[in-house]
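Reading through the structure tokens given below for one structure.
Note on naming: letters A, B, ... go to the chains in the order of the sequence lines (proteins, then strands), and numbering restarts at 1 for each one.
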2 protein chains.
Amino acid sequence: MVFTKEVFEKTLKANGMKLTNQRLLVYQVLSSCPGKHLTAEEIYECVKADYPDIGLATVYRTIQLLLELNLIDWVNFDDGFIRYEIGSDLSNDQKHHHHHLICQKCQKVLSFEDDLLDELEKNIYQKTGFSVVNHKVKLYGICKECGGKLN
Amino acid sequence: MVFTKEVFEKTLKANGMKLTNQRLLVYQVLSSCPGKHLTAEEIYECVKADYPDIGLATVYRTIQLLLELNLIDWVNFDDGFIRYEIGSDLSNDQKHHHHHLICQKCQKVLSFEDDLLDELEKNIYQKTGFSVVNHKVKLYGICKECGGKLN
DNA sequence: GTCCATGCAAATGATTTGCAGTATC
DNA sequence: GATACTGCAAATCATTTGCATGGAC
């Protein structure tokens with residue numbers, strides 16, 4: 001499912017919400033940066049280029065709205081900022097899971113698509129009766145460019 | 001390696017730091033709560049029972065110190081508080097890895113010991129050249145008591 | 001006695017909120 | 001025209017920091 005302006009508008013209307021320039025622009029900035037992890041401040045700066053009057057509070061409020069509509073995801077790299085990225089394909093319940101690889105030398109963040117955790121999650125269910133429905137995985141290490149080696 | 005008061009003192013001295021009642025008490029509170037995830041405020045309240053004059057700032061400073069000495073670990077459950085727990089066995093480089101299972105119904109947090117991520121990490125190295133040295137894994141779902149079922 | 005450590009109060013800084021004006025439908 | 005949305009400024013709140021006093025060695 002491709003999320004055009006029209007689909008975005010329909011999603012808002014379906015929830016009794018109004019389409020505004022500010023909301024559209026915030027959504028478009030995130031849509032045009034897949035895989036980037038933008039802070040609220042960064043989104044604010046991007047939108048301001050097209051719409052100088054937008055306020056930071058509106059950006060924060062729009063982010064909350066997009067999160068509630070499941071259109072975006074958040075990540076916390078524990079550096080004092082919450083970051084946001086456009087959601088992966090949500091056409092059905094199974095999300096495209098991706099993990100974040102964080103290089104401890106250059107701070108670069110890579111994404112890694114994977115479903116290897118299925119086995120771990122089955123294992124957890126068998127041993128503890130806890131049924132996993134979602135996960136957040138951050139892997140810290142050294143990237144290829146910085147000379148990563150397996151032990 | 002068992003961390004007694006003496007070993008703690010030696011570790012401090014080795015780094016040119018002084019042993020104080022406050023530091024010992026903060027360390028003891030964390031030591032006596034393995035598997036619990038305490039906020040700075042909670043640690044502060046616990047220590048205050050034995051030592052009413054301690055200041056919250058001292059607790060925060062001691063936490064930083066214990067983190068730098070690798071005696072404790074931190075977790076962020078994204079609820080506005082950073083939480084701390086006594087470190088697992090650090091006698092050699094290989095840490096005891098444990099993941100956190102967070103029940104979305106009752107908010108309970110379980111720990112799960114595991115090294116199944118080794119396979120995932122090998123996979124990542126082969127595909128991307130990124131070598132993982134550490135990870136933080138949070139698994140969200142429903143616990144046994146709350147009626148967890150596999151899909 | 002020398003520094004390091006502490007307690008207090010004030011500062012910080014990302015995010016949230018109140019409110020009066022503005023835009024959408 | 002009603003009501004939801006916005007921008008601004010002020011509030012929030014966990015954590016940090018400055019500074020003068022106190023304690024460890």
Identify whether any heavy atom of A:Arg23 sits under 4.0 Å from a base atom; if not, whether one sits that close to sugar-phosphate; answer base, sugar-phosphate or nothing.
-> sugar-phosphate

Under 4.0 Å between any heavy atoms, over every strand shown, what does A:Gln22 touch: base, sugar-phosphate, or nothing? Just pick one.
-> sugar-phosphate

B:Asp78 with A:Lys136: basic N within carboxylate O range, under 4.0 Å | no

Checking contacts here: which listed nucleotide ([options]) is nearest the side-chain heavy atoms of [X]?
{"X": "B:Ile54", "options": "D:dT15, C:dG7, C:dC25", "value": "C:dG7"}
{"X": "B:Ala40", "options": "C:dA5, C:dT17, D:dT15", "value": "D:dT15"}
{"X": "A:Thr20", "options": "D:dG7, D:dT6, C:dT16", "value": "D:dT6"}
{"X": "B:Thr58", "options": "D:dT16, C:dG7, D:dG7", "value": "C:dG7"}
{"X": "A:Gln64", "options": "D:dT16, D:dC25, C:dT16", "value": "C:dT16"}
{"X": "B:Arg61", "options": "D:dT16, D:dC25, D:dT17", "value": "D:dT17"}

Counting only distance, no hydrogens or angles, is the base of C:dC3 paired donor-acceptor with the side chain of B:Lys18 under 3.5 Å?
-> yes

How close or far is atom [atom2] of [N] from atom [atom1] of [X], stated in whole angstroms?
{"X": "A:Leu56", "N": "C:dT17", "atom1": "CG", "atom2": "P", "answer": "14 Å"}
{"X": "B:Asp53", "N": "C:dC8", "atom1": "CG", "atom2": "P", "answer": "7 Å"}
{"X": "A:Ile63", "N": "C:dT16", "atom1": "CD1", "atom2": "C1'", "answer": "12 Å"}
{"X": "B:Met17", "N": "D:dC25", "atom1": "CE", "atom2": "P", "answer": "14 Å"}
{"X": "B:Lys10", "N": "D:dA24", "atom1": "NZ", "atom2": "P", "answer": "21 Å"}
{"X": "B:Phe81", "N": "D:dT15", "atom1": "CZ", "atom2": "P", "answer": "7 Å"}
{"X": "B:Glu41", "N": "D:dT15", "atom1": "CD", "atom2": "P", "answer": "9 Å"}
{"X": "A:Asn15", "N": "D:dT3", "atom1": "CG", "atom2": "P", "answer": "19 Å"}

Just checking, is any N or O donor in the side chain of B:His37 or B:His100 under 3.5 Å from an acceptor N or O on the other one?
-> yes

Do the non-hydrogen side-chain atoms of [X] and [Y] ever get within less than 4.5 Å of each other?
{"X": "B:His99", "Y": "A:Leu120", "value": "yes"}
{"X": "B:Tyr84", "Y": "B:Leu38", "value": "no"}
{"X": "A:Ile124", "Y": "B:Leu101", "value": "yes"}

Atom pair CG (A:Asp73) and CG (A:Leu67), whose distance is rounded to the nearest 0.5 Å | 8.0 Å

Would you find a donor on one side and an acceptor on the other, under 3.5 Å apart, between the side chain of B:Thr128 and the backbone of B:Tyr125?
-> no

Check: A:Arg23 side chain, A:Phe8 main-chain N or O, donor-acceptor pair, under 3.5 Å | no

Using a cut-off of less than 4.0 Å, is there contact between a side-chain N or O of B:Lys13 and OP1 or OP2 of D:dA24?
-> no

Examine D:dT15: is either OP1 or OP2 under 4.0 Å from a nitrogen or oxygen in the side chain of B:Tyr60? Give yes or no.
-> yes

If you find the nucleotide of DNA chain D closest to B:Asn21 and the one closest to B:Gly80, which residue's nucleotide is nearer the 5' end?
-> B:Gly80

Just report the end-to-end axis angle for the helix from C:dG1-D:dC25 to C:dC25-D:dG1, five pairs per end, to 10 degrees.
-> 30°

Map A:Ile82 and B:Leu65 onto DNA chain C by nearest heavy atom, then report which one ends up closer to the 5' terminus.
-> B:Leu65

